[in-house]
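Since the structure is predicted, the reported quantities are computational estimates derived from the model, not experimental observations. Proteins get letters first, then strands, A, B, ... in listed order; numbering begins at 1 in each.
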Protein chains: 2
Amino acid sequence: MTTAREMFHQHGVRGVGIEAITEAAGTNKMTLYRHFASKDDLIVECLQRAAKESYLKWDELERQHPGDPKAQLHAWIGNAAECISGDWRGCEMANTAVELADDDHPAKRVIEEVKKNHRNFLAKLCARAGLDQPELAADMLGLLLEGARISRQSEGQEGPSARFKRMAEEVIATVGGLGEKA
Amino acid sequence: MTTAREMFHQHGVRGVGIEAITEAAGTNKMTLYRHFASKDDLIVECLQRAAKESYLKWDELERQHPGDPKAQLHAWIGNAAECISGDWRGCEMANTAVELADDDHPAKRVIEEVKKNHRNFLAKLCARAGLDQPELAADMLGLLLEGARISRQSEGQEGPSARFKRMAEEVIATVGGLGEKA
DNA sequence: GTCTATATCCGGATAGAC
DNA sequence: GTCTATCCGGATATAGAC
């Protein structure tokens, strides 16, 4: 399944076939179909695993900077910027949502839930960090991140990762009224 | 070709087949293949038409508010917000870029060029509007727009269109140092 | 030039041997 | 339970009739 996630992420869920996945994993189709009812099911479970990893990362923020929401917010920015650095091929969730144009695809439910949770998490974190307009700041951070996730290494020499970091800090400094670093 | 663009946008370039397009257009495959060498070629030409429409919209800004870059900037925000309102299924360019994971696909060249031009256009407009940090503001507006384009009607009752507009105005007010409406 | 019919291939899913 | 071989549908693209 780890190989499935990698290949889905690399080539897109519609760009890679069951056969290629099983071949890369050193097995065959039948064994895969013993564990997963269909390709859609495999996609859903891959996304759910990705979702769990996100939730764990949020818990880790609290663990790394206990009782210091400002530091947690800056750490979140750093994490997010690092996530989209390198040869980033876009967010698993966002890419899959685009590829599966059909709105009643089972994967869409997972994606929507993760996005909702992420937004709530950010808004609460911004509020705890004492930002003036936590909801607005959370929305801006979320949209900036989604935008940075989409625009890969295109315009400008500065990668989207560094751009996102710069702008995110600008957001919490100006919109949130939190001028100094934590 | 207009129907092709609509169907590509609605179902994704990989989610709709040649046959479905020709059927919807009231013709057949052979006539389509007389005009376009391949499906990829059809995709490229659809994107190029979309690009031309974007360029025309920018010219229209200058025509609507001649010599008033601030008004042009606010009008751009309004246009962008309106573009992503309604039952928005994502940006043609961004969606196609995600669907065609292969980086050396001919459509990628078109998409990259449009994005580069859009970024340059925005930066120049922000500079002419007298914003303090035009490059930063242009980057933020661009990322906000891309993010809003991706996040469809999900978290929150306020649609991404209204959210984008609110945040974009906030950006040019705080980051750009342009507090008042034009 | 426009359509019918088809060639060719690929991906998802299954049957059945071992 | 794991693999080989296969079915089936759909998609791109083409041949050839009119």
Side-chain angles (χ1 to χ4, degrees), chain A residues 1-50 89-90 92 95-111, chain B residues 1-50 89-90 92 95-111:
Chain A
M1 176 150 142
T2 311
T3 61
R5 260 186 78 188
E6 287 173 3
M7 296 187 74
F8 280 155
H9 190 210
Q10 193 70 18
H11 308 288
V13 291
R14 301 192 78 155
V16 64
I18 293 286
E19 191 145 20
I21 294 174
T22 56
E23 194 175 337
T27 175
N28 51 36
K29 283 190 272 191
M30 250 340 265
T31 52
L32 187 145
Y33 275 104
R34 293 271 172 226
H35 297 280
F36 305 97
S38 66
K39 185 184 181 181
D40 285 345
D41 184 39
L42 176 60
I43 294 171
V44 167
E45 298 211 24
C46 283
L47 290 181
Q48 282 173 340
R49 177 172 291 191
R89 295 198 65 84
E92 288 177 83
N95 284 3
T96 306
V98 170
E99 284 192 86
L100 305 176
D102 193 2
D103 269 345
D104 54 2
H105 192 284
K108 289 293 183 73
R109 299 186 64 85
V110 183
I111 296 168
Chain B
M1 177 150 143
T2 310
T3 62
R5 260 186 79 188
E6 285 173 4
M7 296 187 74
F8 281 156
H9 190 209
Q10 192 70 17
H11 308 287
V13 291
R14 302 193 76 155
V16 63
I18 293 288
E19 190 146 21
I21 294 173
T22 57
E23 194 174 338
T27 175
N28 51 36
K29 285 188 273 190
M30 248 344 262
T31 51
L32 187 145
Y33 276 105
R34 292 268 173 229
H35 296 280
F36 305 97
S38 66
K39 185 184 180 181
D40 284 347
D41 184 38
L42 176 60
I43 294 172
V44 167
E45 298 211 24
C46 284
L47 291 181
Q48 281 172 341
R49 177 172 291 191
R89 296 198 65 82
E92 288 178 83
N95 283 3
T96 306
V98 169
E99 285 192 85
L100 305 176
D102 192 1
D103 269 344
D104 52 4
H105 192 283
K108 289 294 184 74
R109 300 186 64 86
V110 182
I111 297 168

- Would you find a donor on one side and an acceptor on the other, under 3.5 Å apart, between the side chain of A:Asn28 and the backbone of A:Thr31? yes
According to a strict under-4.0 Å criterion, is A:Thr27 in side-chain N/O contact with OP1 or OP2 of D:dC3?
-> yes
B:Lys39 NZ to D:dG10 C1', in whole Å, measures 11 Å
A:His35 NE2 to D:dC3 C1', in whole Å, measures 13 Å
Comparing A:Arg34 with A:Val16, nearest DNA chain C nucleotide closer to 5' gives the residue A:Val16
- prompt: Got B:Asn95 and B:Phe8 here, is their nearest side-chain heavy-atom distance under 4.5 Å?
  reply: no
On a heavy-atom basis, the closest approach of A:Arg5 and A:Arg49 is NH1-CG, 3.5 Å
Picking from D:dT12, C:dC3, C:dT14, the nucleotide nearest the side-chain atoms of B:Thr31 would be C:dC3
Between CG of B:Asn28 and C1' of D:dA13 the distance, given in whole Å, is 13 Å
Atom CZ of A:Phe8 and atom P of C:dG12 are separated, to the nearest Å, by 8 Å
Regarding the side chain of B:Lys29, the nearest nucleotide among C:dA5, D:dC3, C:dC3 is C:dA5
Atom CD1 of B:Ile18 and atom C1' of C:dC9 are separated, to the nearest Å, by 16 Å
Between CG of A:Leu42 and P of C:dG11 the distance, given in whole Å, is 15 Å
To the nearest angstrom, the CD1-P distance between A:Ile43 and C:dG11 comes to 14 Å
Considering only heavy side-chain atoms of A:Met30, the closest of D:dA13, C:dA13, D:dC3 is D:dC3
Here the distance between atom C1' of D:dC3 and atom CD of A:Glu23, to the nearest Å, is 14 Å
Note: A:Val16 and A:His11 closest approach over all heavy atoms is CB-CB, 4.3 Å
